[in-house]
Every structure is written in structure tokens, then in C-alpha cells.
Amino acid sequence: MATFQPEIHTPQGVLDYYDSYDIAGYSVYAGHKIDPKMGRYTYTGNDKNEGRDQLTNALNAIIQNPDNINTYCIAILGQKGKKVEEINSISFQLNKRQSAQPYQIGAYQPNMMNEINALRSEIAALKMQQELEEDEEDEEPEEENFLAGLLKSPQIQTMILSQLSSLFAPTQKVTHVAGIEKTETMANETEIDNEERIYDAVERLKLVDDQLASDLELLCEMAETDKMQFNFLLKMLRK
């Protein structure tokens, strides 16, 4: 057996049905047919306008509750002899069951999207700050980088040591300095000590420099032709 479906789905449709009768009285039942046990609203007066107002209030109460998807039946009350009976009726349903909305991937709530965008901005700012700090740590003055690389060169280190050793070798015997008389023995001891140091330094350099002779010549040439560069290297070595 087919299920009986409601015939009216709007409050205005119910009111139009009520207005089609000159009778003022009516009863509203829950369900699609008249059932005294399921009575919900009733008006038994003779004032059509009053009956219509009460029916309007009843319909508004139903439609304002979207969870109320029940079917109702309105019956017009007519006078039959001495008795009041339902002379006609019709079913109605004002609210329909809400269909489930399909889930859409990526359909985020607005507040969630705001939080995600704020988090992205914060991550980008932290990343930029980290890159700036790394750049500052990596940056060194160009002159300092040049000097550091120059002094790390084994050949430059060898030449500086060799030239320094030669500077300590006296070209003549010193017997008088700032009013202090030095004996010939003291001068000879100083000369011998410097010569031993020079010899030891050269022997040590031989162990680490296969081209020691050429490097010493280059250093001597620098001392003779580019005094400023030579003094600069000595100054860096003495720090």
C-alpha cells in the first residue's frame, strides 16, 4: 500500500484552505488523518477572523521549529444537527527533513582559514629572520677575508718566517747602544745566538717546504721591491 503524502506544504496553503469555508471552527491533528487522540489545536467559536488568527499562530509555531517535520491534518468543523463534526479535512507538512550536505574537501570554516593564514605569515617571518641572521654571521670584511686567506698560505708563512730570521742576523757588530758599553764578547755571543736561530729555522722550514730556496728568494725580492706589502705581512704575523 502506498504511503499517503501531505497535500499542502506552506502556511498560506493551509490558510487558503480554511478561508474556502464559511465555517469558523476547525481542529488540527498530528498525523495525516483525523484522530481524536492526536488533537493539537482546536477552535470552536463562530468568529472567522478570530479563528484565522489562532490558526495563523499555530502554523507559525510549527514552522519556527525546523526539527518538527511531522505531518498534520486540519479538519473543518461543521454543524450536523445538534452535533459538531468534521465535515472535511486535508493533510499538510510545513517542514521537510534536511538533506545531508556532501562533505567538500577543503571547505574550511572562515575562522580556521584565518588561523592558517596567520600561521603561514608567522612561519615566513621567522624564516626571513633566520636567513638574515645567517647572512650576518657569514659576512666578514673583504680585507679580513683576504688577509686570513693570505696568512693561511704555507708559502707566505714560510717566507715571513725566513725573512724574519734574516732580520735578526746583524750586519755588523754593535758595541755601543744608548750609552751602554758592550764588550766584544757580548756582541759575539749575540751573533752566534742569532746564527743558530736562523739555522734552526731554516732546517724546520725544509721539512715543510719543498721549494724553500725559491720561497726565500721571493720573500727577499718582496722586501726589496715592495716594502709596504712586506711590512704589512710582518705586522699581521706579529699580532
Side-chain angles (χ1 to χ4, degrees), residues 1-140:
M1 180 180 295
T3 302
F4 187 82
Q5 299 295 326
E7 299 180 65
I8 300 176
H9 297 281
T10 64
Q12 187 60 48
V14 178
L15 292 174
D16 290 344
Y17 176 79
Y18 175 70
D19 291 340
S20 64
Y21 293 89
D22 293 332
I23 302 173
Y26 63 86
S27 292
V28 176
Y29 304 93
H32 64 277
K33 62 182 179 179
I34 298 172
D35 185 350
K37 295 181 181 180
M38 302 298 291
R40 292 294 182 266
Y41 307 98
T42 299
Y43 177 73
T44 57
N46 296 320
D47 189 334
K48 186 71 173 180
N49 291 330
E50 182 181 12
R52 195 177 194 281
D53 290 340
Q54 292 190 16
L55 179 59
T56 299
N57 293 335
L59 297 176
N60 288 335
I62 294 174
I63 203 159
Q64 288 175 5
N65 181 10
D67 293 331
N68 183 355
I69 58 174
N70 295 324
T71 298
Y72 292 88
C73 175
I74 180 171
I76 304 300
L77 300 179
Q79 188 75 31
K80 289 187 177 181
K82 296 181 179 181
K83 295 179 62 177
V84 177
E85 298 181 356
E86 296 87 354
I87 60 173
N88 208 346
S89 65
I90 193 170
S91 62
F92 63 91
Q93 182 185 28
L94 303 183
N95 298 319
K96 294 183 178 181
R97 186 182 302 275
Q98 297 291 333
S99 59
Q101 296 294 330
Y103 176 76
Q104 297 180 358
I105 298 175
Y108 299 104
Q109 296 295 331
N111 59 341
M112 184 181 295
M113 288 299 301
N114 292 336
E115 293 178 2
I116 292 175
N117 291 334
L119 183 59
R120 288 176 177 172
S121 299
E122 184 176 355
I123 292 174
L126 291 175
K127 185 177 180 181
M128 182 179 297
Q129 181 179 359
Q130 182 179 3
E131 291 177 351
L132 291 175
E133 292 176 354
E134 292 177 353
D135 291 341
E136 291 178 358
E137 293 176 357
D138 294 339
E139 288 181 357
E140 295 180 358

key: side chain to side chain contact (heavy atoms under 4.5 Å, CB included) assessment of Leu77 paired with Ile87   = CA-CA 6 Å; Leu77 300 179; Ile87 60 173; over 6 Å; no
At what distance, to the nearest 0.5 angstrom, does [atom1] of [X] lie from [atom2] of [Y]?
X: Asp16; Y: Thr10; atom1: CG; atom2: OG1; value: 7.5 Å
X: Cys73; Y: Ile8; atom1: SG; atom2: CD1; value: 10.0 Å
X: Ile62; Y: Ile69; atom1: CD1; atom2: CD1; value: 13.0 Å
X: Gln12; Y: Thr56; atom1: CD; atom2: OG1; value: 8.5 Å
X: Glu7; Y: Ile90; atom1: CD; atom2: CD1; value: 4.0 Å

Within a strict 4.5 Å, meaning less than it, do heavy atoms of the [X] and [Y] side chains meet?
X: Tyr17; Y: Ile76; result: yes
X: Tyr43; Y: Leu55; result: no
X: Gln5; Y: His32; result: no

Any side-chain to backbone donor/acceptor pair from [X] onto [Y]? Under 3.5 Å, distance only.
X: Asn95; Y: Asn65; value: yes
X: Gln93; Y: Asn70; value: no
X: Tyr21; Y: Gly25; value: no

ask   = Tyr29 pairs by side chain to side chain donor-acceptor pair (under 3.5 Å) with which of Glu86, Lys37, Arg40?
value = Glu86
note = Residue set satisfying ring-ring contact (aromatic ring centres under 6.0 Å, His included) with Tyr41, at least two apart, ordered chain then number -> none
query = Centres of the Tyr26 and Tyr18 rings: under 6.0 Å?
reply = yes
message = Tell me whether Lys48 is salt-bridged to Asp22, with the criterion being a basic N under 4.0 Å from an acidic carboxylate O.
response = no
request  = List the atom of Pro11, the atom of Leu94, and the distance in Å for their closest heavy-atom pair.
outcome  = N-CD2, 3.6 Å
key: Minimum heavy-atom distance between Thr42 and Gln54, given as atom pair plus value   = O-OE1, 4.5 Å
inquiry  = side chain to side chain contact (heavy atoms under 4.5 Å, CB included), that's the test. Do Val28 and Phe92 meet it? Break it down for me.
reply    = CA-CA 10 Å; Val28 176; Phe92 63 91; 4.2 Å; yes
